[in-house]
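Atoms within each ligand, like the ligands themselves, are counted from 1 in listed order.
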Amino acid sequence: MRLSLSINREFIVGAIDDRLYSSFLEHLGRAVYSGIFEPGHKTADAHGFRTDVAELVRDLNVPLVRYPGGNFVSNFRWEDAVGPVHDRPRRLDLAWRSVEPNIFGLSEFIRWSRLVGTSPMLAVNLGTRGLEAASALVEYCNHPGGSSWSDLRRQHGDADPYNIRIWCLGNEMDGPWQVGQKTADEYGRLALETAKAIKLFDPTLELVACGSSFPEMPTFPQWEATVLEHCYEKVDYLSLHQYQNNNADDLSSYLGASVRMDAFIKTVVSTCDYVAAKKRQKRPMMLSFDEWNVWFHTLKSDKNQEPWKVGPPLLEDVYTFEDALVVGLLLNVLIRHADRVKVACLAQLVNVIAPIMTREGGGCWKQTIYWPFWYASHFGRGTSLMPIVSTEGYDDPQSGLVPWLDASVVLSPEEDELYVFMVNRHSTETLTVTSRLVGFESWSVVEHVKLHHDDPKAANTEATPNRVLPQASQPKTPTSLDSLSFGPLSWNMVRLRKV
Ligand code: AHR
């Protein structure tokens, strides 16, 4: 099937914030214990950090890692996770019905962030706690010294402030599962007052207010409107969370997930703009899509887990090739919304619905979803251009019209390379394009990377870590986009350069 694809240098969506390729690490399951942290492991450094895992995380090039939750944060006393390790209490984590030994805490997270070359995005507990605990935490982390909380940090061995620039005001506060759930008015007021206190401390810190937990929540999007009516002036971002699933085992419907994500973002943008108009606010609200991924493989089996263990194996979804296609599609959506989505966190990073898996005492490996994320994180930085694709598609009852071809386009920061990320959703037809490159007339293909497996359920495991792997090819002579073919059910990245 031949389709037309126009790329115009002037169809600029916006500058892509590098933080679009961020991730998330929660005290949940084996993300921390036997994930990134395993003293005694043969690769562990002096701090107990697994260097084999750190290497893979570094390779993903994630600018921010959101921490420590997630649902975990809503019942978390940050004071338990600082100071001498042997004095820290063991606590019951009600969110995941696990035991939190607090052996890995705040100082350890900051040290690990530096090791893997990322920056922290910290969440404060607005479930069981509030304004006072949040301001104390910010002071502990960011004040140089000369106040009781900052001097406590110094006494704990960290003379330099952590200088954490972005903070989440709670997590999924609309959810009945959340410890300390709030109504939109309760949360909106609390978010406003917490934001005020944090901005009085340092007006340059960036704050994220909680949006709905997912778009099917009965209070969506009224929750967003009410919360922002309270705190619009004091926050910088509104959060979005959404997980995709293939519970119905219906691949074509599953591949429509990105259409649903796109609609979700558009509704949130409209809601923010409505509140801005009502409040006569000139500054548009930016979005932090701080939890997104595929999550469904373990939902049932996790219900049978025995509670109150340290680091139990929870949410250990083994991702397939079709999940990687969906992750590639979701990344395209984020890139196409780069004007408003400034932060996005792949949820999560290690062992828990993660691109990286480990075995306790054993190795670590890359899941299928690692690959589209890796390519987007490495090459999807610069300026997002809106491609115009004239493509037919199929009707999906959940999503409406789902086009066969999905694309996003990125012009590199140096403006010398163009990256076209494409997914062919068709299960039998190869797609080719007739392209119109306006402003890139003499550019041609220098590389084509493909991700495909004949079995949509193929997965990477410790025994077969390379079953689903990208294949890259570089043409020997200048080649036009029109001469490439995009096989059925494939993710592709095409790199073009002026020749
Ligand atoms: O990422 C797993 C969980 O999903 C998070 O703790 C929560 O915020 C969301 O419901």
Margin query: Tell me the contacting part of Asn171 for ligand 1: side chain, backbone, both, or neither, using a 4.0 Å heavy-atom threshold, strictly below.
Written below: side chain
Margin query: Test your reading of the structure: does Trp177 have an N or O sitting under 3.5 Å from an N or O of ligand 1?
Written below: no
Next item on the list: Indicate whether any N or O donor in one side chain lies under 3.5 Å from an N or O acceptor in the other, for Asn61 and His378.
Entry: no
Item checked: atom 2 (C) of ligand 1 [closest protein heavy-atom partner, distance rounded to 0.1 Å] -> Gln348 NE2, 3.6 Å
Margin query: Need the ligand 1 atom indices (1-based, order shown) with element for anything under 4.0 Å from a heavy-atom of Glu172.
Written below: 7 (C), 8 (O), 9 (C), 10 (O)
Notebook entry, point to check: Do the two ring centres, one from Trp223 and one from Tyr187, sit under 6.0 Å apart?
Noted result: yes
Item checked: Region of Trp96 engaging ligand 1 - heavy atom pairs below 4.0 Å -> side chain
Next item on the list: Hey, could you give me the OG/CD distance between Ser213 and Gln242, rounded to the nearest 0.5 Å?
Entry: 12.0 Å
Note to self: Are Tyr140 and Trp149 an aromatic pair, judged by ring center distance below 6.0 Å?
What the structure shows: no
Notebook entry, point to check: When you measure from atom 8 (O) of ligand 1 to every protein heavy atom, which one gives the shortest distance, and what is it?
Noted result: Glu291 OE2, 2.7 Å
Note to self: Determine whether Asp174 and Thr219 satisfy the following criterion, side-chain hydrogen bond (donor to acceptor under 3.5 Å, both in side chains), listing intermediate values before the conclusion.
What the structure shows: CA-CA 8 Å; Asp174 59 332; Thr219 44; 4.5 Å; no
Checklist line | Centroid-centroid under 6.0 Å between Phe104 and Trp112 rings | finding: no
Next item on the list: Please report which non-hydrogen protein atom sits nearest to atom 6 (O) of ligand 1, along with the residue it belongs to and the distance in Å to one decimal place.
Entry: Glu26 OE1, 2.6 Å
Next item on the list: Please could you name the atoms of ligand 1 that Phe24 approaches to less than 4.0 Å, counting only its heavy atoms?
Entry: 1 (O)
Next item on the list: Give the atoms of ligand 1, by number and element, whose distance to some non-hydrogen atom of Gly70 is under 4.0 Å.
Entry: 5 (C), 6 (O), 8 (O)
Check: Is it true that the side chains of Glu322 and Asn246 contain a donor and an acceptor less than 3.5 Å apart?
Finding: yes
Checklist line | Proximity flag Tyr243 to ligand 1, non-hydrogen atoms under 4.0 Å | finding: yes
